[in-house]
Amino acid sequence: SIRGAVKTFSLRGVDFEGFVDLADRGRKLGMEVMRRNAGFKDLEIQQFRCLFEQRDKDGLGLIGASDIQGLLITLGIQVRTREEQRAVMSRLDDARQAATAAGAEECSKAGTTQMTFWEFVQLVRMMRSESDKAQDGLVYRTAEELKFNAGELDQFRKIFLKWARVDAMVGVSSSSLAAAISPGPSSPLRPGGISLAAEAASDLRLPDQDGISTETLHRLLRTMGMRITTTQRDELSQQAARFEKNNQGLMSFVGFLRMMRWLLDSDFAGINHVAADAAQRNRSAAPQAA
C-alpha cells in the first residue's frame with residue numbers, strides 16, 4: 001500500500017528511484033479513485049452513499065428500478081415520463097460495465113433492474129454528462145442570441161450561481177452585477193461567504209436545477225444601489241414570469257440571461273447609469289488595490 005511504502009522509505013531513507021516509484025504509485029492510486037468515483041468529489045460520494053443506503057432497506061447493497069428512478073429525481077435528473085424512464089433503464093448495463101472497468105468488486109447481474117452503489121455512481125455520471133451537454137448548448141445559443149460575449153456570460157453565471165445556491169442575505173458585493181454588465185473589461189466575481197457544506201450540497205444539483213426567485217432578483221438589484229419603486233417592482237415581476245423557469249418554478253440561468261438583456265435594453269430603474277458608476281469606482285480603486 002502507499003502508506004506501507006511511505007513507512008518503508010521513511011525508515012531507510014528515500015533515494016531518487018524510491019521517490020519516483022512512490023510518486024508513480026500515488027498517481028496510479030489517484031487515477032483509480034477518480035475512475036471509481038466517476039469524477040465526483042469524495043464528499044459527493046459520501047452524500048450519494050447516504051441517499052443510496054436510505055433506499056437500500058434490506059442492507060443487501062442493491063436497489064431496484066423504482067429506487068433508482070427516485071434517487072435520480074432527488075438529484076435533479078428527470079425520469080418522470082415513460083420515455084425518460086426507458087432511457088435510464090437502457091443505460092443500466094452501460095453503468096455496470098463502467099463500474100467493472102473502474103474496479104468495482106461487486107456488480108449486479110447483467111440485464112436486471114437492480115444496481116449496486118458503484119454502478120449507481122456511474123449511472124449518475126452518465127445521465128449528468130448528457131444533461132450538462134444539452135444545457136450548455138442551450139446556454140451558449142441563448143447568449144449568442146442575446147449578444148452577450150464570453151466574458152459577460154461567465155460573469156452572469158457566477159453571479160447567478162452565487163444567488164441561487166446560498167442564502168440571498170449573504171449576497172455578493174454591491175458592485176458585482178454592475179461590473180458584469182458595464183461596458184469594457186471587468187474583474188471576475190470573487191467567491192466568498194459560501195460554506196463547504198453549501199457548496200457541496202449545491203454540487204449535487206444539475207445546472208438546470210439552479211434558480212432564483214423574483215424576490216431574490218429584487219434583492220440582487222438593490223445591492224447594486226438601484227432604487228426600485230412599487231410600480232417598477234410589479235413590472236419586474238411581470239417580466240420575470242415571462243422567462244424560463246426550472247422544475248421548482250424559479251428563474252433558470254437561461255431565464256436570468258433574458259432578464260439581464262431586458263434590464264439593459266429597457267434601462268430598467270436606470271441600471272445602465274448605476275453600472276457605469278460602479279465600473280468607474282472599480283477603475284478608480286484598482287490602482288489603490290495594487
Visitor: In the structure I gave you, are the side-chain heavy atoms of L263 and M259 within less than 4.5 Å of one another anywhere?
Guide: yes
Visitor: Can W163 and L217 be said to form a side chain to side chain contact (heavy atoms under 4.5 Å, CB included), step by step?
Guide: CA-CA 9 Å; W163 284 82; L217 179 63; over 6 Å; no
Visitor: Flag the pair T113 / I68 as yes when at least one side-chain heavy-atom distance between them is below 4.5 Å, and no otherwise.
Guide: no
Visitor: Between D210 (side chain) and A164 (backbone), is there a donor-acceptor pair under 3.5 Å?
Guide: no
Visitor: Can you confirm whether the side chains of D42 and N37 place a donor and an acceptor under 3.5 Å from each other?
Guide: yes
Visitor: Under the side-chain hydrogen bond (donor to acceptor under 3.5 Å, both in side chains) criterion, do T116 and E119 qualify, and how do the steps go?
Guide: CA-CA 5 Å; T116 65; E119 292 168 344; 3.3 Å; yes
Visitor: Measure the CZ-CD1 distance between F253 and I159 for me, rounded to the nearest 0.5 Å.
Guide: 9.5 Å
Visitor: Any donor-acceptor pair under 3.5 Å linking the side chain of D267 with the backbone of I271?
Guide: yes
Visitor: Quick one: pull up CG in L72 and CD in E84 and give me the separation to the nearest 0.5 Å.
Guide: 11.0 Å
Visitor: For N246, does its backbone N or O pair with a side-chain atom of S252 as donor and acceptor, under 3.5 Å?
Guide: no
Visitor: Evaluate the ring planes of F268 and W262, with Trp represented by its six-membered ring, and classify them as parallel (under 30°), tilted (30 to 60°) or perpendicular (over 60°).
Guide: tilted
Visitor: Evaluate D56 against F117 for side chain to side chain contact (heavy atoms under 4.5 Å, CB included), listing each step before the verdict.
Guide: CA-CA 10 Å; D56 180 20; F117 173 71; over 6 Å; no
Visitor: Kindly give the heavy-atom pair with the smallest separation between R96 and T112, and that separation in Å.
Guide: NH2-O, 2.6 Å
Visitor: Side chains of L236 and L221: closer than 4.5 Å at any heavy-atom pair?
Guide: yes
Visitor: Would you name the heavy atoms of T100 and C107 that are closest together and state the gap between them?
Guide: OG1-SG, 3.3 Å
Visitor: For the hydrophobic clusters of this structure (ILVMFWY residues joined by side-chain heavy atoms under 4.5 Å, transitively), does one cluster hold both L71 and L62?
Guide: no
Visitor: Checking M127 against V124 for the side chain to side chain contact (heavy atoms under 4.5 Å, CB included) test, could you report, in this order, the C-alpha distance in whole Å, the side-chain angles of both residues, the deciding distance, and whether it holds?
Guide: CA-CA 5 Å; M127 302 306 295; V124 174; 6.0 Å; no
Visitor: Look only at the side chain of Q69 and the backbone of S66, and say whether a donor-acceptor pair between them is shorter than 3.5 Å.
Guide: no
Visitor: Taking the six-membered ring of W118, is NZ or CZ of R49 closer than 6.0 Å to its centre and within 45° of its axis?
Guide: yes
Visitor: Short question: side chain of K245, backbone of A240 - any donor-acceptor pair under 3.5 Å?
Guide: yes
Visitor: Do F52 and D67 come close enough that some side-chain heavy atom pair is under 4.5 Å?
Guide: no
Visitor: Is a donor from one side chain sitting under 3.5 angstrom from an acceptor on the other, for R261 and T142?
Guide: no
Visitor: Looking only at atom types and distance, does a side-chain atom of S237 sit under 3.5 Å from a main-chain N or O of R233, one as donor and one as acceptor?
Guide: yes
Visitor: Please state whether the rings of F156 and F256 are parallel, tilted or perpendicular, taking 30° and 60° as the class boundaries.
Guide: perpendicular
Visitor: Hey, does F48 have a side-chain heavy atom less than 4.5 Å from the side chain of L75?
Guide: yes
Visitor: Measure across M115 and F120 and return the closest heavy-atom pair with its distance rounded to 0.1 Å.
Guide: CE-N, 3.9 Å
Visitor: Return yes when atom CD of E145 has more than 12 non-hydrogen atoms of other residues, nucleotides or ligands closer than 6.0 Å, and no otherwise.
Guide: yes
Visitor: Could you go through I63 and Q114, starting from their C-alpha distance and side-chain angles, then the distance that decides it, and tell me whether this counts as side chain to side chain contact (heavy atoms under 4.5 Å, CB included)?
Guide: CA-CA 5 Å; I63 58 173; Q114 289 187 314; over 6 Å; no
Visitor: Identify the two heavy atoms, one from V79 and one from Q85, that lie closest to each other, and give their separation to 0.1 Å.
Guide: O-CG, 3.0 Å
Visitor: To the nearest 0.5 Å, tell me how far E152 CD sits from M260 CE.
Guide: 12.0 Å
Visitor: So S213 and R219, side-chain hydrogen bond (donor to acceptor under 3.5 Å, both in side chains) or not? Walk me through it.
Guide: CA-CA 10 Å; S213 66; R219 292 195 184 104; 5.6 Å; no
Visitor: Would you give the length of the straight line joining atom CG of L146 to atom CG of L257, rounded to the nearest 0.5 angstrom?
Guide: 6.5 Å
Visitor: Starting at CD of E235, measure out to OG1 of T230 and round the result to the nearest 0.5 Å.
Guide: 13.0 Å
Visitor: Ignoring hydrogens, what is the shortest heavy-atom contact between L123 and R91? Give both atom names and the distance.
Guide: CD1-CB, 3.8 Å
Visitor: Compare all side-chain heavy atoms of V139 with those of R157 and state whether any distance is below 4.5 angstrom.
Guide: yes
Visitor: Could you check whether atom CD of E144 has more than 12 heavy atoms from other residues, nucleotides or ligands sitting under 6.0 Å from it?
Guide: no
Visitor: Does Q232 reach the main-chain N or O of T229 with its side chain, forming a donor-acceptor pair under 3.5 Å?
Guide: yes
Visitor: Do any N or O atoms from the side chain of R125 and from the backbone of A38 form a donor-acceptor pair under 3.5 angstrom?
Guide: yes
Visitor: Any chance you could measure D234, atom CG, to T214, atom OG1, to the nearest 0.5 Å?
Guide: 11.0 Å
Visitor: Which heavy atom of A98 sits nearest to which heavy atom of Q122, and what is that distance?
Guide: CB-OE1, 3.6 Å
Visitor: Verify whether one side chain among Q239 and R242 offers a donor that lies under 3.5 Å from an acceptor in the other.
Guide: yes
